[in-house]
Amino acid sequence: MTAFPIPTLTGTDQLQLESVALSDIAAQFGTPTYVYSRKALTDAYRAYETALAGRKAMICYAVKANSNLGILDAFARLGAGFDIVSGGELQRVIAAGGDPAKVVFSGVGKTEAEMRLALEAGIGCFNIESPEELVRLGETAATMGKVAPIAFRVNPDVDPKTHPYISTGLKANKFGVAYDDALSLYRRAAQTPGIAIHGIASHIGSQLLDAAPVAEAAERVLALVEQINDAGIELHHIDIGGGMGIRYEDESAPHADAFLAPVLEVLKDRPEAIHLEPGRSLVGNAGLLLTRVEFLKHGEEKHFAIVDAAMNDLARPALYDAYHAVVEVEKSDVTADVYDVVGPICESGDFLARDRKLAVRAGDLLAILSAGAYGMTMASNYNTRPRAAEVMVDGDRCHPIRARERVEDLFANEQRLP
Ligand code: LLP
């Protein structure tokens, strides 16, 4: 590895995030612990701001990537908006001091209760994904005496060339309304009481390393915007979704400037504000998972470093066969060997990394990199494992932003039979 994917991670003998040694964090908070760099997420946000300079724009952080209140707070203070997919995420945004007026609500299955909550809070836009949802939202808003701001999430049928589980803009996906139906849906929405048309949205997938499909989607959306305008309907914003990829291994991940340039070129003559919904690219390489080696086990065919983090903490390797770099936190003089880094869970799929050359002993710390996005938010309690602690490093300080769960928390809402 030439450089760490996490830009604020430094050190060779002793890894540091910003100015804090990871071993100090482990000593203070235990392991496994998710550790984030405030500087890294701030820099990532600023890169989008710079790329959008001179354009009317809103960066709506995709909360699903990492919904910790400390993370949301950091983005709220930077002036971010938020992309949410549930009433729960909205409540987090509000609890973290986010501005509901800057919230866009995506998702194919919004319940009436979630719609009510969002209308009550006064969110900025509902991204509507079906005609049925339009009806439900119009009726809900009307009974509350409110008007719901909407955009249709249009499926541009563009192949984003990413993992099939995280591509969302193809005809075969469940997301968005069909491109060919969009114009008539706008006409219908314009006549629907309780609905105010604000914009148009599209999101084609995640971990995109190439900007071309996003620009292609923007072109398709633009053609539609022109037809919508011709029908006498004005839009305030064009939401081009999230999806910019990051470097996990040796990918050449785009910079916000390079990623957005082709899209901005397509939309350069448009008066509408541009909305973005980035998640991974804001937090993925701002975070790592700190874990301790419990045992080294030498099997017949493979060597295993059995660590105290597992697939319940970081599901991506088990779920997508995703690669996360693993590095030793403190340099030692032991001979390196090739290990599978595995957790204690009773599944063969419980691995965090495979075939990695590591110089480790039992008791040593490892950092699983690029774990800031879709790490903690996808964690579970499988095997009755309390979820990890989370810590935010800020310069030479570190703030606990989530206490480690306790086992008694896990069954606090359960009961024995009467
Ligand atoms: N907007 C919408 C409507 C989305 O569905 C998503 C992600 C985003 C924005 C943010 O995309 P990002 O900028 O983070 O790529 N669990 C998977 C990723 C699932 C992404 C789902 N949608 C993973 O761990 O790779």
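This one's a predicted model, so the numbers in the text were calculated from it and none came from an experiment. Order of appearance sets the numbers: ligands from 1, and atoms from 1 within every ligand.
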Inset, instruction - Indicate yes or no: at least one non-hydrogen side-chain atom of Glu49 is less than 4.5 angstrom from one of Ile59. - result: yes
Inset, instruction - Flag this pair as yes if the NZ/CZ of Lys110 is under 6.0 angstrom from the six-membered ring centre of Phe126 and inside a 45 degree cone about the axis; otherwise no. - result: no
Inset, instruction - List every atom of ligand 1 that sits less than 4.0 Å from any heavy atom of Pro278, numbering the atoms from 1 in the order shown and giving each element. - result: 13 (O)
Legend entry - Proximity flag Ser281 to ligand 1, non-hydrogen atoms under 4.0 Å: no
Inset, instruction - Please confirm whether Gly242 comes within less than 3.5 Å of ligand 1 when only nitrogen or oxygen atoms on both sides are compared. - result: no
Inset, instruction - Check if Tyr320 has a non-hydrogen atom at a distance under 4.0 Å from any atom of ligand 1. - result: yes
Inset, instruction - Sequence neighbours left out, what passes salt bridge (Lys or Arg N to Asp or Glu O under 4.0 Å) with Arg387? Give chain and number order. - result: Glu405
Inset, instruction - Please determine if Arg153 has a nitrogen or oxygen closer than 3.5 Å to a nitrogen or oxygen of ligand 1. - result: no
Legend entry - Residues that Arg270 engages under salt bridge (Lys or Arg N to Asp or Glu O under 4.0 Å), provided they are two or more places apart: Glu272
Inset, instruction - Within a distance under 4.0 Å of any heavy atom of Gly279, pick out the atoms of ligand 1 and give their elements. - result: 12 (P), 13 (O), 14 (O)
Legend entry - Per-atom contacts, ligand 1 versus Gly243 - under 4.0 Å to a heavy atom: 11 (O), 12 (P), 13 (O), 15 (O)
Inset, instruction - Examine the proximity of ligand 1 to Ala62 and report which part, side chain or backbone, both or neither, has a heavy atom under 4.0 Å away. - result: side chain
Legend entry - Other residues, nucleotides, ligands: >12 heavy atoms within 6.0 Å of Lys302 NZ: yes
Inset, instruction - Check Asp83 against ligand 1 and report side chain, backbone, both or neither, counting heavy atoms closer than 4.0 Å. - result: side chain
Legend entry - Side-chain heavy-atom pair Val104, Ile123 within 4.5 angstrom cut-off: no
Inset, instruction - Indicate yes or no: does an N/O atom of Arg280 lie under 3.5 Å from an N/O atom of ligand 1? - result: yes
Legend entry - Of the listed options Arg316, Lys64, Glu277, closest to atom 6 (C) of ligand 1 (non-hydrogen atoms): Lys64
Inset, instruction - Sort out for me which residue in Val329, Thr31, Thr33 forms a side chain to side chain contact (heavy atoms under 4.5 Å, CB included) with Leu22. - result: Val329
Legend entry - Min N/O separation Met378 to ligand 1 under 3.5 Å: no
Legend entry - is_close_aromatic(Tyr186, Phe152), centroid dist under 6.0 Å: yes
